[in-house]
Amino acid sequence: MATFTSSLPDHLLQLLEKKAKSLGMPKNKLIEKALTIYLDQLNKNAYAQSFKRMSNDKELMTLAEEGMEDYMSQLDAEDEKD
């Protein structure tokens, strides 16, 4: 594990101290948890944005629809075997 040093505005540090105390956890663990959640949300947002951009690309949507038709045909063929 690496050590990271940073500065926080006084009001934010006070909020951090209060919340860490109320949760009974060290400040660094609270920061670690909060940062993990925040970075995960950023990744999810970027993923959602890529789908929005893709949905506006007619050529890409056509490829996806054709691929889905092929996939469904393969599933139907497998069902007929059973």
Side-chain angles (χ1 to χ4, degrees):
M1 186 174 289
T3 300
F4 172 76
T5 304
S6 181
S7 299
L8 294 173
D10 291 338
H11 75 282
L12 191 54
L13 184 57
Q14 289 172 355
L15 290 172
L16 174 63
E17 288 172 350
K18 285 179 184 178
K19 187 52 75 175
K21 190 173 188 177
S22 73
L23 293 172
M25 67 187 336
K27 291 180 287 200
N28 66 317
K29 291 296 179 188
L30 182 55
I31 291 169
E32 182 181 333
K33 180 76 170 166
L35 184 57
T36 299
I37 292 168
Y38 181 71
L39 293 174
D40 186 48
Q41 289 299 315
L42 287 177
N43 287 336
K44 287 178 182 179
N45 187 48
Y47 192 63
Q49 291 300 322
S50 72
F51 272 95
K52 286 180 184 178
R53 284 190 304 275
M54 183 182 76
S55 69
N56 292 326
D57 185 330
K58 296 205 184 296
E59 189 173 319
L60 196 53
M61 288 301 292
T62 300
L63 284 172
E65 289 168 358
E66 289 172 357
M68 186 55 83
E69 288 175 18
D70 289 342
Y71 176 68
M72 294 304 290
S73 295
Q74 290 173 7
L75 288 179
D76 289 342
E78 285 298 317
D79 284 344
E80 290 175 8
K81 287 181 185 178
D82 295 333

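What's counted below: heavy atoms across the whole structure, side chains too, no hydrogens, waters or symmetry copies. Position 1 is the first residue of the sequence; numbering continues from there.
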Residue pairs involving residues 2-24 (criterion side-chain hydrogen bond (donor to acceptor under 3.5 Å, both in side chains); sequence neighbours excluded): none

Sorted by chain and number, sequence neighbours left out, side-chain contact (heavy atoms from CB on, under 4.5 Å) with L39 holds for L35, L42

If you count every heavy atom of other residues, nucleotides or ligands that lies below 6.0 Å from Q49 atom CD, does the total exceed 12? yes

Using side-chain contact (heavy atoms from CB on, under 4.5 Å) as the criterion, list what pairs up with A34, not counting sequence neighbours. none

All heavy atoms of A20 vs all of P26, minimum pair found to be CB-C, 4.3 Å

Which residues satisfy the side-chain contact (heavy atoms from CB on, under 4.5 Å) test with L16, sequence neighbours excluded? L8, L13, K27, L30, I31

Contact list for residues 32-47, test side-chain hydrogen bond (donor to acceptor under 3.5 Å, both in side chains), sequence neighbours left out: D40-K44

Sequence neighbours excluded, which residues qualify as side-chain contact (heavy atoms from CB on, under 4.5 Å) partners of E66? T62, L63

Mind checking whether M25 and L12 sit in one hydrophobic cluster, side chains of I, L, V, M, F, W, Y counted as touching below 4.5 Å? yes

